[in-house]
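The next block holds one structure in the form of structure tokens; read it before the comments.
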Amino acid sequence: MTKARVLYWFRTDLRLHDSPALAAALKLNPEVFYPVWTWDPHYVYSQQVGPNRWQFLLDSMKDVSESLTELNSDSQLFVVRGPPATVLPALWKEWGITDIVWEKDDDSYTAERDATISSLAEKAGVKVHVVLGHTLYDSAEIIKAGKGSVPQSYQAFRKLVDKLPKPSLPIPPPTSLPSPGPTTLTKWKRSDHAVDPWRLNDLNREWREEGSTERDLSFESFAGPEGDFAVPTMEELGMVATSEIRGGERRALQRFEEWMDDNEKVAEFKKPQTSPAAFEPPSTTQLSPHLKFGTLSPRTFYHRVLTINRTSSSTPSEPPESLIGQLLWREFFHAQQAATPFFTRIRGNKVSRYISWALQTRYDEEGEMLSHEEMEKAFEREEPEAWERFKAWKEGRTGFPWIDALMRQVRETGWMHHLGRHSVACFLTRGQLYVSWERGAEVFDRYLIDWDPALNSANWQWLSASAFFHSFYRVYSPATYGQKSDPTGALIRRFCPELAGFSDKHIYTPWSASKKEQEQAGCVIGEDYPERIVDEKEAKEKCLKLMKAAYDAKLHGDDPRVLDGTADEYLESFLPGKVKPTREEGISKDGKRKAQDDSKAGGGKGSKKAKQTTLDFGKD
DNA sequence: TACCTTGTTGCCCAA
DNA sequence: TTTGGGCAACAAGGT
């Protein structure tokens with residue numbers, strides 16, 4: 001029997017410790033072993049990724065490459081630059097690969113990409129090994145145990161996974177590594193591995209450094225500028241990072257050990273009691289980016305906390321609040337994503353309630369999403385007030401110091417405390433601005449280092465009361481929520497320095513200071529810091545009214561009215577003073593009562609008026 | 001079957 | 001100054 005020639009495809013598993021997929025690859029007892037990273041134009045151009053996440057990724061790739069070289073001086077992470085669907089087949093042909101191994105990943109882009117690679121491999125006679133490792137449980141097993149679906153509540157989910165076999169124990173890192181074979185790339189032409197289809201619509205253009213070519217240079221060659229398959233640099237990307245949060249397995253393990261060192265803190269951890277205003281140091285572990293990129297194994301984390309809980313003298317906290325609980329939230333949302341088509345958007349998503357948000361993702365008549373450019377133009381033209389407010393939120397100039405500080409924090413550092421994310425997400429969606437959670441999720445995609453499609457979409461659905469959470473009338477105050485955890489406003493002083501002259505009394509609500517006090521603080525509202533873009537209370541009341549109507553209408557993203565574009569009109573008939581649709585029109589609750597004769601006409605007229613109400617929302 | 005209880009994280013107002 | 005009920009109602013388990 002010929003010996004295996006293995007290509008190990010690194011993705012979001014940038015570690016050597018507890019990597020079941022890597023262990024499976026080495027168990028094939030390979031004659032040659034190629035650790036490979038495909039530098040994918042999809043991420044470079046078509047997904048909105050800011051500099052801080054790139055920096056974290058490059059750190060992590062470099063770290064894993066160095067660790068591979070430590071195990072075998074001939075080895076490293078071989079970064080090959082081009083689309084995986086053309087690069088991998090060319091590599092396995094040229095390098096005589098018999099087996100390709102990767103860790104399972106199930107977000108929508110990677111699932112599609114991996115299916116393509118699998119079928120190409122099959123055709124080429126290359127054996128594919130896909131191994132679970134990114135999560136504690138296999139989403140497919142959870143769905144099976146749930147008889148085809150995943151419970152919509154955390155408690156029910158917990159009971160379900162309790163019946164599954166416990167997450168496996170972490171395995172040690174490899175102690176040796178087979179050498180790669182020859183690494184030639186003969187007769188490789190860029191036209192066979194074109195990146196222009198992605199490059200021509202570069203969504204990350206605005207990050208590329210001013211004065212440079214305004215485009216990324218990382219695809220100038222296949223094996224990097226020196227031809228040594230090196231990890232690309234920020235310079236090649238044309239970007240400059242601003243965050244001090246850095247990647248790599250070694251940093252992950254160091255931070256992890258430092259945290260685990262305090263057994264009492266680990267055992268007694270209660271997420272809702274940690275402070276969203278703390279940033280130096282943060283009140284939570286800040287290990288989320290490492291879980292996202294796989295520089296820290298979730299099993300290593302899980303089993304260590306269990307051990308600490310067993311031996312700790314204090315009474316351990318329980319899920320959902322505990323650290324174990326936090327890891328289970330990750331499992332819960334990954335399983336939701338696996339069980340829900342179109343989970344990262346509203347249209348077609350069966351769990352996301354349909355709400356008549358402003359700035360919803362636009363689709364053409366075939367149901368294809370419009371390009372970013374087209375969509376932005378449409379928003380600017382058709383929903384100018386909402387668009388302006390959204391931009392103010394994104395850029396941290398809403399006039400609410402707490403919201404602005406958090407938004408500037410995430411932009412600069414790539415991180416925000418979970419409860420801070422709650423606060424800004426509530427404000428943007430159901431709390432005050434009534435903007436679609438899809439827009440907020442996109443902004444987090446750009447800024448957050450720990451961005452994960454499943455967790456991000458799920459949390460935006462949670463916060464906007466679109467799914468999982470339903471008490472839409474519980475609204476975080478954009479003005480004073482932060483005050484509870486930090487009466488001194490340290491976070492605001494750090495990220496909105498123009499407000500630093502205000503006393504503790506006014507730091508969260510500088511508009512309440514007299515003109516004289518504003519002058520003394522060196523910050524006049526409306527001149528040195530923006531006026532509030534909305535009246536908190538008034539905006540909230542409008543939101544609640546619209547939310548109530550949406551809840552009464554009970555539409556979800558997969559409803560025919562959502563797909564055919566009549567959902568907004570339908571929702572308007574549920575506003576106060578409007579005649580509800582009859583049963584024939586599809587609603588059961590009010591259909592029980594005899595509909596009035598003129599209900600249809602009334603509904604129609606009501607719709608027009610209601611439309612006005614909705615539009616008025618954006619205009620004060 | 002119908003009803004009741006409970007749930008990661010809130011705010012406001014009255015006493 | 002602190003505390004508790006109200007908000008208005010979904011999912012899912014229990015009775």
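All chains are named by letter (A, B, ...) in the order of the sequence lines, taking the proteins before the strands, and each is independently numbered beginning at 1.
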Heavy atoms only, 4.0 Å cut-off, all strands: where does A/K548 land among base, sugar-phosphate and nothing? sugar-phosphate
Short side-chain to backbone donor-acceptor contact, [X] and [Y], under 3.5 Å:
X      : Y      : value
A/Y508 : A/G482 : yes
A/T480 : A/Q483 : no
A/W393 : A/V424 : yes
A/E517 : A/A513 : no

Would A/W329 count as stacking on B/dT8 if stacking means ring centres less than 5.5 angstrom apart and planes tilted under 30 degrees? yes
All ring-ring contact (aromatic ring centres under 6.0 Å, His included) counterparts of [X], not counting sequence neighbours:
X      : value
A/F427 : A/F400
A/Y529 : none
A/W329 : A/Y154, A/F332, A/F333, A/W462

Who passes side-chain contact (heavy atoms from CB on, under 4.5 Å) against A/P453, sequence neighbours left out? A/D107, A/Q337, A/T344, A/W451
Give me the distance, rounded to whole Å, that separates [N] from [M] when you measure between the [atom1] atoms they each carry.
N      : M      : atom1 : answer
B/dT1  : C/dG14 : C1'   : 14 Å
B/dA14 : C/dA8  : P     : 16 Å
C/dT2  : B/dT8  : P     : 28 Å

Whole angstrom is fine here: how far is it from [atom1] in [X] over to [atom2] in [N]?
X      : N      : atom1 : atom2 : value
A/E536 : B/dC12 : CD    : C1'   : 11 Å
A/Y508 : B/dC11 : OH    : P     : 12 Å
A/F332 : B/dT9  : CZ    : C1'   : 15 Å
A/E321 : B/dG7  : CD    : P     : 10 Å
A/M547 : C/dC7  : CE    : P     : 19 Å
A/R353 : C/dA11 : CZ    : C1'   : 11 Å
A/H556 : C/dA11 : NE2   : C1'   : 11 Å
A/M416 : B/dT9  : CE    : C1'   : 16 Å

Show me the dot-bracket string of DNA chain C, counting Watson-Crick or G-U pairs under 3.5 Å, with | for pairs to another strand and [ ] for crossing ones. .||||||..||||||
Output yes when [X] and [Y] qualify as a salt bridge under the 4.0 Å nitrogen-oxygen rule, no when they do not.
X      : Y      : result
A/D138 : A/K144 : no
A/R397 : A/E498 : no
A/E388 : A/K391 : yes
A/R494 : A/E412 : yes
A/D559 : A/R347 : no
A/R158 : A/E331 : no

Tell me every residue that passes side-chain hydrogen bond (donor to acceptor under 3.5 Å, both in side chains) with A/D18, counting only those two or more places apart in sequence or in another chain. A/S297, A/R299
Listed by chain and number, what are the side-chain hydrogen bond (donor to acceptor under 3.5 Å, both in side chains) partners of A/E264, not counting sequence neighbours?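 In terms of side-chain hydrogen bond (donor to acceptor under 3.5 Å, both in side chains), with neighbours along the sequence ignored, A/E264 is linked to no residue.
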When the aromatic ring centroids of A/F279 and A/F495 are compared, is their separation below 6.0 Å? yes
Would a line drawn from the ring center of A/F293 to the ring center of A/H134 be shorter than 6.0 Å? no
I need the residues from residues 155-163 of chain A with at least one non-hydrogen atom less than 4.0 Å from DNA chain B; give them sorted by number, or say none. A/Q155
Pull out every protein N or O sitting under 3.5 Å from an N or O of nucleotides 13-15 of chain B, one pair per line with the distance.
none

Can you tell which of C/dC10, C/dA9, B/dC12 lies closest to the side chain of A/D552?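 Between C/dC10, C/dA9, B/dC12, the one nearest the side chain of A/D552 would be C/dA9.
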Does a donor on one side chain and an acceptor on the other come within less than 3.5 Å for A/W357 and A/T429?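 Short answer, no.
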Go through [range] and report each residue with a non-hydrogen atom lying under 4.0 Å from DNA chain C, sorted by number.
range                       : result
residues 276-292 of chain A : none
residues 459-490 of chain A : A/H470, A/Y473
residues 143-153 of chain A : A/P151, A/Q152, A/S153

